[in-house]
Every structure is written in structure tokens, then in C-alpha cells.
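Chain A is the first sequence line, chain B the second, and so forth, proteins listed ahead of strands; every chain is numbered from 1. Here the structure is a predicted model, which means the values were calculated and not measured.
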Amino acid sequence: MSHLSSGRLNVHHMKELAKHELLECLDKCVGSKAIVWDHELVPILGLVADYLVLKEHQVIQMFELRPGRLPAMTAKHVIYLTRTKLSLMDTIGDNMLNEDKKMVSNKEFHIIFVPRRSILCERKLQVLGVYGNFSTISEYGVELLALDSDVLSMEWDNSFTEIYIDNDYTALFHSAKALMTLQTLYGVIPNVFGLGKSAKVVFDLMSKMRKELSSTEPQITPQIDELLLIDRSVDLLTPLMTQTTYEGLLDEIFGISHTTIKVPPEKFVHQNSSTDGQSCDETVEAPTEAKQFHLNSSEELFVKLRDISYKSIGPTLRTSAKTLSQQFDERHTAKTVREIRQFVDKLPALQTARKSQSNHTSLAELIKEVTDEESFYETIHTEQSFVNCEDTDKSNPYIEDCIARVDPLVKILRLICIQCFTNNGLKSKVLEFYKREVLQTYGYQHVLTFNNLEKVGLIRISGGYSHRVYNVLRKTLRLTVRDINEVNPTDIAYVHSGYAPLSVRLAQYLDHPGWRAITDVLKTLPEPTIEETQEIAAGLRKRRNSGASIQTGLLDDQKLIVVFFLGGCTYTEISGLRFLSQKEGFNADFVIVTTNIINGKTFLQSLSGQSLN
Amino acid sequence: MALYTSDWNPLGKDIYYRKHELNAMFWTNEVNLKDFIVSSAPFGGPIALIERKNWNRLATNGSTGLKPNQFNVFIFSSFGELISTIKWTGSELSLISWSNREDLLCIQDDGIVFVYDIYANLQNTFTLDQEIRDTKVLECKTFNGIHGTGIAVLTTSYRFFVLNNINEPKIRRLAEVPGLVKSPQSWAVVASSNETIVLVAKDNELYSLNANHQSCQPLNPAISAFASITEMSVSYDSSHISLLTDAGLLWIGRTDNDLRNNYCEFDTKAKAKPQQLLWCGNSAVVGLWKNILLVVGPDKDWLNYVVDQPVHMVQEIDGIRIIGNEMHEFLQKVAPVVVEIFGIGSIAPGALLLEANKEFLRHSHRADEYMRMISERNEIEMSVQQCIEAAGHEFGISTQKMLLRAASFGKCFYPRMQSKPFVEMCQTLRILNAIRHHSIGIPLSYNQLEVLTMEVLIDRLILRRKFCLAIRIAEYLKMSDESGAARVLGNWAFLKVRQTFIDDERIAYDIFNKLGYGSGVPYSEIANKAIECGRTQLAIKLLDHELRSSQQVPLLLKLKQHRLALQRAIESGDTNLIHTVIIRLREVLSAGEFLMTIRDYPIAYSLYQKYCREEEPEKLTDLYYQEDDFVSEANSWLSRSLNAQNLTQKQSYLQSAYDSYKKARNEFNSSIIDENLRLIKYQIKLEEKFHRQYLNLSLHQTIKQLIIDKEYKLSEELKKEFKVGDRRYWWLKMTILAEMSEFLELEKFSKSKKSPIGYEPFVDICLKHRNRYEAQKYLLRVSDDNKIKYYVRCGLLEDAAKFAYESKDVEALDYVCSKCGPTNRMLAEKINTMKSQLRSK
């Protein structure tokens, strides 16, 4: 996974740290081990260590946590790796109560909580009468997982819902801890900016934790110049908008979970037959089983594709196909033995590239099937007219038709929320009409869904003075760009076919011209605004424009900014920030840290707490 | 040169002993040692005194009948400064002695041990053994082994007991000495690294009692005939032993190999038992007979000193401290390196370097000659080392300086010289000189400090409450917080906390003032000490400064500061900690109190609600009811209705939700719930009528099901009853009819009134079900704007072209033309004609 080391910040260290800590937890049990996984944790910890590594540490069996009796095990230690969910404790309790008494005495049972021990869970185990079965109860405090060389995520599902619906700030506490880990590895971040309540909470907690550390804080020269904390509630619009980048669309359509995507296998069947002479490792795959890919920057082609608009996927794939076939054709021009040798050396890389080309071509086809549909066009069209403040004040016929056609509820809610946001609330008549339509069509239980959406402000009744807030925001921050060139973009707005993510704009304006220039707009966003500095020992301060930076090239002059999304971010926001740092005259690189990765579907689904399909 | 050797006395060849004054004694109350029983801790430790008149009464053998008397145990510093006094009221004492942590052990004749610190504070008491208690102690000794300080006891029934470590009271009873029916003439403890042995002299026999394997073994050391061994002495490290026989013969040997290895036998010509017989390091035995101090080396060499006043000797690792009425002296072997340097006529490199430096300071060219001599022998490095080392052994500051200057001078001639030993020696000497000063009074030698270690020295300073010096030393040596400054400050704070005569406010202020934040001393630990001392308020004040909530909150709970604990837990942001407090509060408070408390803390309140939602939903509804939070109550009823076990329960939950929304004046939601209830009733009726499932369907799905069942009338009725919007109803009915291929019914429906959704969807839905024929039926009613598109969709390109031509739309014609494939050449040409016609107009 050397791709993790390729960015400005070597996030590979982060992975190594997490791996080291995990193994340390496991090594506390000496002898053979079986792990019983909370299934949600499997892909997450897959980002930290693979099975081979676990095997080296005497993990001989792995099972998924299920109610009922544990499968037969030969290992001496049985280790439960679980999140701190009370329902999971019931399952563990069920395991224990069904366990043979003899077995229990032969084995040692352990629980490792991720990311922290929880008194509630331990109490629950006591109530269930199984607490005494466990020899040790410990915690594996992994906070940040490296999704890619510039993206770190806590993979904390439902973070926004927890913070804003439940008032449960656990995720923020861990965000602050994550920042502490980050600062332990890469030095204290001198400048901190932030927007929104959560940003304030995290900054305060982080300051408190630094105080607790006091003299034991590691002394490292800061590698990161700025931290920008963005509370998701500052920009509720962006996650609702359909993502129109390659990676964004893959996420919208199939869902990317912990960098892994599962797609229907039909398009990939031909691959098996076409691999010429190459030993195929995925030969006998039943076509009914979903095809799985890891999406990260170790794949060259994916790096080219991930951030571009769906409209330029085709041309990009054509170009890369052409280059690839040219490279293959070199074997014909290779004449001397040396040239042939050079070609042969390149062959494995070429074959990998060819496989990658074929996979992404198939994925692109899958995407095209969706984007060619009229409803996709109409959805984008409706979204765009909303964000451009057209006809936002009355009930929208497209939404009505979608409800009538019983389209997925999440699509309808997205559109209603966008309309509500861009109209700064809806007239109660319009809102009640929408609600009644939805409730009659999808069931009355969604009263609770609406309650939650109202609680976080996604849906509200328009009131008096604030009716122009969005329009001012749009104009000042140029949130919409007419006639956007999606193939050769000049502005981040391409990521949503003409709408520039508010969050990314805020990051952009922070760098230039600075937030001071947009104070009036910031006032209309959720308070407070944070502009703080963290004290750093004088000797550790970075010297700008010193001789050293000239020697190491330009890199040092580019600021390195960590943007931390509290409550989740979308792939388009990541793409937008990447685009910004590439932009000429823009003086910063970004590392994106987030509680979790979201899209409109997962975002609303989590808020609703009920199935929206 | 003679100056430095004036107090040296030779003991054989090239070996010298010197006795020099450490300091004058400042005995408070003008003590005369003659009148006291003395016990002094090694390593320059404190001295305990008991008046001999009291002791004699006690120590008389079999003095059980005597009534215990009140008397004092005095504790002095090694300089004779009175530190404290213990008013002894207990039973008779067998021994007073010091542990290796400088605690005073007062051992009663019934085997109860009282442990005091130097300030006469009782630290601990423990009983050695029931048997000892019953038979009483005849005699006991303390010893220092690797486990710590131990106690060996001889009872009046002549049995021996050994306790290896006073901190782990696990006493062992040793094997019986055969035929021991009266007190042995002498006995001693040899505590080597792996075993503890008691040597017992019974007349002309010598026995070794091993504590590890309960054995009693007779020993036969090679000693000239004797009737009894009257005195034994073991060296500090237990490697050497000396025995004194009734004939005045001093036998010197090693303890290993069952005493078979001896160095010599020396005739002291003294028949009397000496007052003290001790080892001076490992190289000589020292006996004190009234006013004669006899030093005997292993090769029978000897020398003696006359002491004109009563003294008490203390065995140190590298010598003997002699405490007198006026003087405090140290008797030690002169270190070989010192002999090399100061020895008369020495030409050792160190001696030459010292000489060179002297000449250099005198600006004499002879300095160069000396240096040349050293460098010719390639001994510069060694010369420097010797000077550094010798400086360490010197007590006189000016001598130390002289030697260090010489070393520093020598260093210049040797570029590769490591500076570390020099720097370290300077540091160590600075510290040694500081602690030897009478204000501190710990006269340690360099070797003693090396053995004691710096950490223990800090402990000793803490013990003497010399916090300032301790902290300066820690900082000076850059010791880690844990073993250095933080430990000192922590102990200082513990002391402060125990000062009950100062009020809480003041102490809390003083402690914070000194420690601030980041001192490395956890306030929680100090607070814990305060709790131990029963100072709750002080503990609370101290905890205020504890930054680590995980340490602070549990203590606050312990102190029953519930609200404060909750407050702090919330500030920490640590959910687990907040839950810890919540759980505790639920346990200790009544339900009412609990709610009153928690509602004041929104974050905790939310967490509690979340917990209830997952685990105890009924509790949550109750909670909202009590709080008059009608909306939340309604919501919780509603969410419970989703998991209701049966229909009746569901209806009752929904009814409750309705009532609560009403109370909250949420008209919309209450009307929606009302609608829901009505739907359920309707569905029940439908189920009765059609015997199929309607319940749990949404209104939309219910209507859909009715249409599928061709109950058009009923569906119409339901639509009206629930005011379903026209558009939605039309979409639904149209879709379902087409899906079921009820095209006749569809046509009828389309004509029932003007379609609220237009007719385009009708065309689309027919096409979707591959029925172009039916689709065409609706084409005419498609709005004009969409007509061309829909003609094309239905494949009626010609009609599309015609319509475009009629509406004079060239662009539309282009569009239609683009849809003409190769089979439609004719039409394409026709369109081109049309276009040109339009253009020409």
C-alpha cells in the first residue's frame, strides 16, 4: 500500500500506527486465537491489516458475530472484536449462554472494544450474566483510517445523525482525539479555522486534551499549516445534490463502502475468457455474485478518472485505451534484443493497466446506463433550477410526478430538501402538501422522518426576513456557474454540473481573499466562526522562504491544509478540494479528514432512521 | 605533599587508613553518649537514642516482671540535631533499629514491631509471630539483604525466627540448634543474595541455620582451640565475617564455603568482650575496647587509635562512621587512586598531572616538563581519569577543586578526551558537598552515593522535607519528572495536605500556586491523599485543578459531588465518563432526584434519552410525559407504534400519539395520525370483505391493491375519503391499468375527465408495455409542444414531419430527419423538400 505514502502527508504512518496498536491488542493473548468479528468492523479493519498479518500473529480462525452457538473452534483464545453497540452485546450474550460449559472452561474469552470501552456495554454483559466469562476486556482505540494518500476517515457511520438528532457528541470527542493523534505524528497545527457548533466543540476538546498532555506533547516541526474544521450543518445543501463525478456517481449508484465497491457482475464476465495466457485468479466466479473492486490511488487510471465529470469519462477512457494499445504495439517495433527485453519488463505493468482499463470501461458503461435515463437528466435539471433560485416557492411538478410514480423516497426527500434550502424554507401550504403526498404514498411512519429532517433544519417553514439568505450566499460565493464546461472545467462547480459545493467554496475563500472579505455571508451560516492559533515551541516553527525551502523545491511554499468535515463529506467535496489545489495560482494542498463519507442517500437514510427505498 | 597524607596510617604495605572529621556534632541538649543506647542508620542516616538507665531496666534478661515505664526515644540527625521524640508507653523494647528506608523500627519483647518515620509519626505496626509473642523475645537483630530490611529473633525458648522483609511479614521459624538450653554466646545473620543464614555460637560449636531449607548444620572453621565465640561481625555485603573467641583470638575469613576460607587469626590479647566489633568496608575489622580502636587487616597487619571519649561506630559499605560527643569522624581505607596521587614520591600519571597543574598556576616552565613526562608515557588520559576519580573520594572542597582543576588542565592535552566523566564528577561533587553541609546533614561518601543512587537520595531529602534541595538536584541532573521534580512536588503536596492546622483554602491555594499546571503531579493523587486525611473540602478544591477528567470524575463521585462530577464529565466530552456518572446517579439518587439533576445538563440528558430509546422505550415516554414535552412524547408513542406487537396495541399507541400531538397543538401531525387511524379502520373492513391483506399498506398501496382487484369504485371512494390528489391518483391508476393490460379500461379512464397529468404519460406507459397501437390513441391529445417528440417515439416519423411542417419549425424537421435511418431515405428526402419550401417562404 505504498500509495498511502505518495501524498504531501505520509499517511502511511497513520496506517502503521493503527496496525501496530491492533497487533499489540491481539498479542496480549499468547497462543492461538480465533476472532469473532462484528461484521461492520471487517472492512474497516481491513484498511489496517490483512488476514496474512493476523495469521502471523496466530489468528487461526475468524467468524462473524451471529446469535446462537459459536462454531467449533480449536484456538485457545476467542477474541470478540466489536463496536460498542448494546444490541451486539445481546448477540455476544447469546453466544455465551449457548456455549457448552466444558468449552468455556477450555478457552479464554476476550473482548476488544472498538474504539473504546463502554461502561454501558459492560453493564449489559453483567445484566446478561456473561461478564464473568471474559478474561480480559480491552479497547482498540483506532481513530483515523487512511482511505487514500490524501483522505483520512474515522468511518463513523451516522456521525451527523448522532450529533444533531441524538445530541450525542461521542463522534466529536473522537474527532478531537483523532486530531491529537494527527498532531502527534505530524506536529501541532499552528492555525485553526472553523465553522459551526461542532467545530467549536472539537476545537475546545482538542485544546483541553493538549492541556492535559502539557509537557509530554511530542516536539515535532509542524508539517501541517492550517486546520479547517467544517461542521456539516454549515453546508447541508451539498450532500443533497447529485454527484456528477466518476467516483461520486459510483457512490451514488452502487455505494462505495470503505473504498470497496460491489457491482453487478454481468459486465465483467467477458474478462475471464479474454485474459490471454494470464493465470486468472478469478476464474470460476458465479455471475450472480457481486463483483468487488478496491478503489484507490494505487491504480493509475482511477486517479485520472475519479475526479472528472461523467461527461468526460468516455474521452478519458478512449485516450488511455489508445496509449495502452500503442504501448502494446511497441512489441512490433522492438527489434534489438535490448528493446524486446525492455518491452518484456514493462509487460506485467501493461497487463495490470489493461485489466484496469477493462474494469473501468465496464464501470463506465454501468454509469452510462443510469446517466442516459431521462429521469437522471430531469433530476439534475430540477436540482439546477432550484439552486439557481428558479420556481422554488411553489410545489414542483417533477417532485409530484416522482411521488406519484413512487420513485425511491430518498430521491424525493433530496429534492424537497434542496428546494427548501434554496427557498430558505417552504410556505407551510407547500410543505404540508409535500408531506401529505409522501405520507399517503410511503406510509405514515415517515412523520418521524420529517420530524428529524425538521430537527436538523433540512426542512422548515419559511419565515419573514431570511427569505433572501440563500440567494445572497449564492451570489457572493458564486455557488452556481452557468454554462459550466464539464469536460475541461475551470471551476469546482463541475462536480455537481454547475453547482459549486458551499463547503469547498468556503475553503477556497479562506485562502483567498480570506474570510474577512465575506464576513456578512459567514454571519448567515451556522455560528460560530473560529479563527485561532495554537502555540508552538519557538524552535519548532516552520521557517518560510528560508534557504531550505529553495533547495527542496516549490513544495514547501504550498501550504498544507487539513480540512476536517465533522458529520461527513461527499466524494465531490474531495474532488473539489483536489481540483482547487491543482488550480493555478492556488497556494495550498489539502488533506481531507472526515468522520465518514456520505452521499445524499446515506445522509438522509441515516437521518430518517427508517428505510427510504 | 605531606599535608595530604598526615592523617594516613599504614596497614601493611601500600595500604593506608585514614580517620578524618566529617563535622562537629551539634548535639541538642548536650548529649553524652555514655548515657545512651545508640542506633544509627547507615548512609549518614538519623540516630535514635534511648537513655541507658531506661534500657538497662528493660534489657535485663527475663525482666518480665518489670512494669513498663514511660520514657523517650529521641531521634537526631546525623549531626546531632534533635528531630523528634517518641513518647514510649508500650511494653518493653528489645531493639531499636533503622530500616533501609530510614524508618525507625521499635521491636517490643512480645514481637510487635512499631514503625515510625523520623518525625515520630507512627507509620505501621505488625506482629512478628504468635509463638514469639508467647515466648517473648530474648534478643533480636536487623539486617539488610536484597529483599530489604529483615529481622532475626531469638526467643527465650532459644528458637530463631527470620523475617526477610519487613514489608512482607512472612516470618520463618528456623531449625532447632541441638542442645541449646541457654543463650548462645553470640550469633549473627548472614544475608547473602539467595539465602539468609543465622550463625549461632554455642560454646565451642558453631551452627549454621538456613532459613530457606530449615536446616541446622554444624560448621568447623579452622580456628585454634577455643571455649566459645564471644563476638561475631559480618561485613556490610555479608561476604566477610570475623569471629572473636574467648581467648581474644580474632579470626577473619569469608562467609562462603561454610567458613572454610580464612585470611588470618590475630591475637588481640584482649580477654574482654569489645563494645563493638565491625567491618570497615571489606578489608579490615575494627574493634572498640573502651578507649582503644583496633584495626586489623586480613594479613595480620594492625593499627590502633586512642579514643578519649565515648563513641558509637556505624558500619558503612566503605568504612566506619564514628559518632562521638563532639565529633563525627569517618574511618576508611584510602582509595588506591588517592594513594597513587598523594602517596609520597608517587610518579603515577595523576600525581604528575597534579604537579604539572601546580607549576602551571605558578607560571613555571616546569609544568611543561611534567606534561612531557606524562605524554611520553601515553598516560594523559589515565592521568585525567585518576584526578577525576580521586576528587570523588576527597571530602575537602579545596582538595576536590585542586584535583578537578588538574583534570581540566590535563584534558586540554588530549583532544579525544570524553568530557562526560568530568562533567558527571563535577555534578556529583556539587551534590555531595551540598548534602554534607550541616543544614542538610547527610555525610555520604562518593561510593555510598553510587550504591544508594540518586533516586534514593532524592527520597531521603524528601523524607527530611528538604524539598527545595531535592528539586534543585532533580532539575540540575535533568531527571525525568516521574523520578525527579514531580515526585518531590507530589510529596511536598502530600505533606501540605496533612497539615491539618492550616485551612483548606490556604492549602489548596499554596499547592496550586506551586504546582500550577503541567508539573507532572496529578491533582487527583493529592486529592486522594486529602480524602484519606478526611479533608473532603480540600479534596474538592484540589480536584478543580485536575485536568484529566478520567481521574477527576471518579473521585468527585467518591466525594458525592454528583453535580460537579456530571459537569466535569460533560466538559471532557467523553461519553463513557458521562455514562459512568449517569449510572452512578441512578444508583444513589431517587428517581425524582435523578431526573431533577440530569435535566439541568442537556448533553447528559440527551445521552440518557438515547440510552432509554434503545433499551427502555417506556421509560422515555414517561419521562416526556412528566416533562410536559408533548411533541417528544407523541414522537415516542409513534415510534413505539412501529414496533407494536399487535393491532390493538398499535392503535392504542397511535391514539396516544394523536392525543399528544393535539396537546402540543401540532395540528398537521395530529390530523395525519388521525388519517392513519382511519385508514387502519378502513383496511380492517377491507380485509373482512376481501380476505386478503390490506393492513400495513400505505394509503397509496391500498388504492393500488383495490385497482388491481378491479374495485375501481372503492378506489375512487378511498381517494375521495382521504383527499388524494388528482395527479397522483391518475398516475397510479394509469400505471396499474397499463401494467395489467387493461387498455380498454385505460381508455375509458382517460376520457373520464381532462387528464391532470396530460396525455404524454399515457403514450409513454403504453409504449413501455410495447403497445404502439394503444399509444397512438392518445397522441392527438398530447400537447402541441411535445407532439413531434411523441410522434417520433411512436415511430410515426411522417406524421411528425407533417406536424413540424405545419408549425413551420425547421429545427424540428432537422430533429425528425436525424431520426430517419437508412431505410427511410424517402422520408428524409421529403423532409428536405419541406425544409427548402419553408425556407423559401
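- From A:Asp168, atom CG reaches atom NZ of B:Lys610 across 4.0 Å, with rounding to the nearest 0.5 Å.
- Within 6.0 Å of atom NZ in A:Lys124, more than 12 heavy atoms from other residues, nucleotides or ligands are found, so the atom counts as buried in its surroundings.
- Distance check: B:Ile578 CD1 to A:Thr170 OG1 gives 7.5 Å after rounding to the nearest 0.5 Å.
- Taking the side chain as every heavy atom from C-beta outward, B:Glu675 and A:Arg436 approach each other to under 4.5 Å.
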Candidate pair B:Lys723 and A:Gln440, rule side-chain contact (heavy atoms from CB on, under 4.5 Å), full reasoning | CA-CA 10 Å; B:Lys723 298 190 184 103; A:Gln440 289 190 344; 5.6 Å; no
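- For B:Tyr729, no part lies under 4.5 angstrom from a heavy atom of chain A.
- Chosen from B:Ser671, B:Ser641, B:Gly573, the residue pairing most often with chain A at heavy-atom distances under 4.5 Å is B:Gly573.
- Surrounding CD of B:Glu587 are more than 12 heavy atoms belonging to other residues, nucleotides or ligands, all under 6.0 Å away.
- At a threshold of 4.5 Å between non-hydrogen side-chain atoms, the residues A:Tyr444 and B:Leu654 do not count as touching.
- Neither the backbone nor the side chain of A:Val201 comes within less than 4.5 Å of any heavy atom in chain B.
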Output, in order, the C-alpha distance, side-chain angles, deciding distance and verdict of side-chain contact (heavy atoms from CB on, under 4.5 Å) for A:Leu120 and B:Glu615.
-> CA-CA 11 Å; A:Leu120 285 184; B:Glu615 293 288 298; over 6 Å; no
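- B:Leu547 places none of its side-chain heavy atoms less than 4.5 Å from the side chain of A:Lys208.
- Residue contact with chain A, scored on non-hydrogen atoms closer than 4.5 Å, is absent for B:Gln609.
- Of the residues considered (A:Ser87, A:Ala176, A:Ala404), A:Ala404 shows the highest number of contacts with chain B, using heavy-atom pairs under 4.5 Å.
- Using a 4.5 Å cut-off on side-chain heavy atoms (C-beta onward), A:Ile403 and B:Trp731 make no contact.
- More than 12 heavy-atom neighbours from other residues, nucleotides or ligands sit within 6.0 angstrom of NE2 on B:His769.
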Step by step, would you call B:Leu699 with A:Leu439 a side-chain contact (heavy atoms from CB on, under 4.5 Å)?
-> CA-CA 8 Å; B:Leu699 176 61; A:Leu439 294 172; over 6 Å; no
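- Under the 3.5 Å distance criterion, the side-chain polar atoms of A:Glu400 are left unmatched by any main-chain donor or acceptor of B:Gly725.
- Look at A:Lys211 and B:Glu571 and you find no salt bridge, because none of the NZ, NE, NH1 or NH2 atoms lies under 4.0 Å from a carboxylate O.
- Proximity of a side-chain donor or acceptor of B:Asn669 to a complementary backbone N or O of A:Val447 within less than 3.5 Å is not detected.
- Between A:Gly443 and B:Ser698 the shortest heavy-atom distance is N-CB, 3.6 Å.
- To the nearest 0.5 Å, atom CD1 of residue B:Ile672 and atom NE2 of residue A:His446 are 12.5 Å apart.
- Note: A:Arg116 CZ to B:Leu577 CG = 7.5 Å, rounded to the nearest 0.5 Å.
- Of the listed residues (A:Leu86, A:Asp401, A:Leu172, A:Asn167), the one with the most heavy-atom contacts under 4.5 Å to chain B is A:Asp401.
- Scanning all heavy atoms of the two residues, the minimum distance from A:Ser118 to B:Asn576 falls at CA-OD1, 3.2 Å.
- Contact of A:Gln610 with chain B is made through the side chain alone, with heavy-atom distances under 4.5 Å.
- Contacts of B:Thr735 with chain A are absent, with no heavy-atom separation under 4.5 Å from either backbone or side chain.
- With chain A as partner, the option from B:Thr575, B:Val631, B:Ile757, B:Ile603 having the largest number of non-hydrogen pairs under 4.5 angstrom is B:Thr575.
- A distance of 11.0 Å separates CD1 of B:Ile570 from OH of A:Tyr169, quoted to the nearest 0.5 Å.
- Annotation: maximal heavy-atom pairing with chain A below 4.5 Å, among B:Ser572, B:Pro761, B:Pro602, occurs at B:Ser572.
- Note that CD1 of A:Ile119 is 10.5 Å distant from CD1 of B:Ile582, once rounded to the nearest 0.5 Å.
- The side-chain heavy atoms of A:Val406 and B:Leu732, taken from C-beta on, include no pair separated by under 4.5 Å.
- Salt-bridge formation is not detected for the pair B:Lys768/A:Glu374: no Lys NZ or Arg NE/NH1/NH2 atom is positioned less than 4.0 Å from an Asp or Glu carboxylate oxygen.
- Put simply, the side chain of A:Thr441 never gets that close to the backbone of B:His700: no donor and acceptor are under 3.5 Å apart.
- For B:Tyr661, the part lying under 4.5 angstrom from a heavy atom of chain A is the side chain only.
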